[in-house]
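Working notes, structure below.
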Amino acid sequence: NKINFLHKNAFIKLRNLENLNLEQNSLQIINSEQFILTNKLDFLDLNHNNIYKIEENAFRGLEESLIILSLIKNNLNSIKSYYFYNLTRLEFLKLSENKISSIEAGSFQTLHKLNNLILNDNCLFKIESDLFSNQFRLESLDLSRHLLKKLMPNLFLNLTQLRDLNLNSNKLYSIGYELFQKNISISLTSIDLSNNLLNDSSSFHLLLNLKQLNLRMNRLRKIQNDDLSTSEQLEFIDLSDNYQLEEVYLDKKSIQSIFLNNNRKLKKISLKWSKIVNFEVRNSSSSVLNQIDFSNLIRLEHLDLNKNNI
């Protein structure tokens, strides 16, 4: 459709409305008290509009009903502290593909049940350390494809239930060990840090339940057992396209899938060969190929040796 304006009373008589889809229109502003009497609404889709402004109290009336709010692909350039105020039942908030360069303190403070926060493909340079201080139920956080160079040490301190963290395609050059300590060291099972500028992997040694780690397209030179010393459940690791990578020592029994593609400088490799199910080492050096113990790859299901000089 081509709806570009909503009258303030557009939904005032729809008191039993539970699902509202306004996707792919031309809306620019969400008016104050737009949904004041639709207090059974639990799903609101505003994707693919031109929304650049959300007025104060825009979602008043939905405090006890709204569970899913999606604002993907709009023109928001900032998040104001009042945008989502008191949406106490909200579990899924999707804000990807906007132009968000700043988020005011307290913007998520009252979202006590927030489970999934999707913020990918925006323009954040920095995130204040207390932004997620009240998100005790958050399980999935997507901060991929921003302009982040550094993360504050206590940024994830209160995310006691966080399982999946996506930070791929930023400009992170280091991860302080403080970032993954205390509560989050127990909850995290999956981290994507691919396509950053990391040159060190020692920040992950406290992650007890980590199962998937993606470090593809960074600047790592070495990764060894001590870097993942407590990650006894690690099953998947991708180290492809680390053009400076020279050594990989990961004799961990749990690893089933490892990807080492396009690492031409890789010279030394040591793995627990008998446990590996998926193994890729495309476009690598001959010295690495000679270190692969093919006779012990007894569980292997997938092997890719493409573009090697065998």
Side-chain angles (χ1 to χ4, degrees), residues 120 142-145 163-175 180 188-205 207 209-310:
N120 61 282
D142 192 340
L143 292 167
S144 60
R145 291 181 287 280
R163 295 171 56 84
D164 301 312
L165 176 61
N166 193 340
L167 287 160
N168 88 63
S169 302
N170 277 283
K171 298 182 181 298
L172 296 168
Y173 55 87
S174 68
I175 298 289
F180 297 132
L188 267 176
T189 61
S190 175
I191 303 176
D192 189 345
L193 279 160
S194 58
N195 196 22
N196 276 281
L197 305 170
L198 300 176
N199 55 25
D200 180 61
S201 57
S202 60
S203 305
F204 311 113
H205 68 282
L207 296 171
N209 293 307
L210 189 65
K211 292 185 178 182
Q212 298 186 44
L213 178 60
N214 192 338
L215 293 170
R216 183 175 175 267
M217 293 183 71
N218 277 284
R219 298 179 178 180
L220 299 174
R221 293 181 177 273
K222 177 193 293 188
I223 187 164
Q224 51 194 2
N225 287 323
D226 288 347
D227 297 334
L228 296 158
S229 57
T230 63
S231 302
E232 297 301 328
Q233 298 188 55
L234 186 66
E235 299 175 353
F236 171 98
I237 185 167
D238 193 343
L239 298 167
S240 301
D241 299 290
N242 278 274
Y243 297 111
Q244 303 299 317
L245 189 65
E246 295 183 355
E247 300 178 6
V248 175
Y249 296 102
L250 288 173
D251 293 329
K252 302 187 79 62
K253 295 180 180 180
S254 58
I255 294 179
Q256 299 178 20
S257 300
I258 184 165
F259 299 88
L260 295 166
N261 302 315
N262 304 314
N263 293 319
R264 297 293 296 174
K265 290 189 177 183
L266 189 58
K267 297 175 182 178
K268 297 181 181 179
I269 179 172
S270 178
L271 302 170
K272 191 63 85 173
W273 299 106
S274 61
K275 302 294 182 180
I276 295 175
V277 176
N278 300 297
F279 184 40
E280 291 188 7
V281 59
R282 296 194 305 269
N283 191 30
S284 189
S285 63
S286 57
S287 61
V288 170
L289 294 175
N290 291 332
Q291 295 174 53
I292 301 174
D293 188 356
F294 289 100
S295 63
N296 274 325
L297 289 168
I298 55 177
R299 296 186 60 194
L300 191 67
E301 296 179 4
H302 171 78
L303 175 63
D304 192 340
L305 300 174
N306 190 28
K307 294 184 179 178
N308 284 295
N309 294 321
I310 301 176

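- Salt-bridge check for Arg216 with Asp241: passed, with a basic side-chain N closer than 4.0 Å to an acidic carboxylate O.
- Between the side chain of Asn242 and the backbone N or O of Gln244, no donor-acceptor pair lies under 3.5 Å.
- Of the possible donor and acceptor atoms, one in the side chain of Ser285 sits under 3.5 Å from a partner among the backbone N and O of Leu266.
- For the pair Thr189/Asp164, a side-chain contact is recorded, criterion being any heavy-atom separation below 4.5 Å from C-beta on.
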_Phe180 vs Leu165, test: side-chain contact (heavy atoms from CB on, under 4.5 Å). Steps then yes/no._
CA-CA 11 Å; Phe180 297 132; Leu165 176 61; 3.9 Å; yes
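- How far CD1 of Ile292 is from CG of Leu303: 7.0 Å, rounded to the nearest 0.5 Å.
- In this structure, Asp226 contributes its side chain and Gln224 its backbone to no donor-acceptor pair below 3.5 Å.
- Side-chain contact between Asn214 and Ile237 is absent, with no heavy atoms from C-beta onward closer than 4.5 Å.
- Considering only heavy atoms from C-beta on, Leu305 comes within 4.5 Å of Leu289 through its side chain.
- Among all heavy-atom pairs drawn from Leu207 and Ile191, the shortest one is CD1-CD1, 3.5 Å.
- Looking at every heavy atom in both residues, Leu198 comes nearest to Asn218 through N-OD1, 3.0 Å.
- Residue pairs meeting the salt bridge (Lys or Arg N to Asp or Glu O under 4.0 Å) criterion with at least one member in residues 286-309, sequence neighbours excluded, are Arg282-Asp304.
- Looking only at side-chain heavy atoms (C-beta outward), Lys268 and Val248 stay at 4.5 Å or farther from each other.
- Between Phe279 and Trp273, the distance from one ring center to the other falls under 6.0 angstrom.
- Contact of the Asn261 side chain with the Leu239 side chain is not registered, since no non-hydrogen atoms from C-beta on lie closer than 4.5 Å.
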*Does the pair His205 and Asp227 meet the rule for a side-chain contact (heavy atoms from CB on, under 4.5 Å), with working shown?*
CA-CA 5 Å; His205 68 282; Asp227 297 334; 5.9 Å; no
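- Using a 4.5 Å heavy-atom cutoff, the side chains of Tyr173 and Asn196 are not in contact.
- Leu193 has its side chain within reach of Ile175: a pair of non-hydrogen atoms, C-beta onward, lies under 4.5 Å apart.
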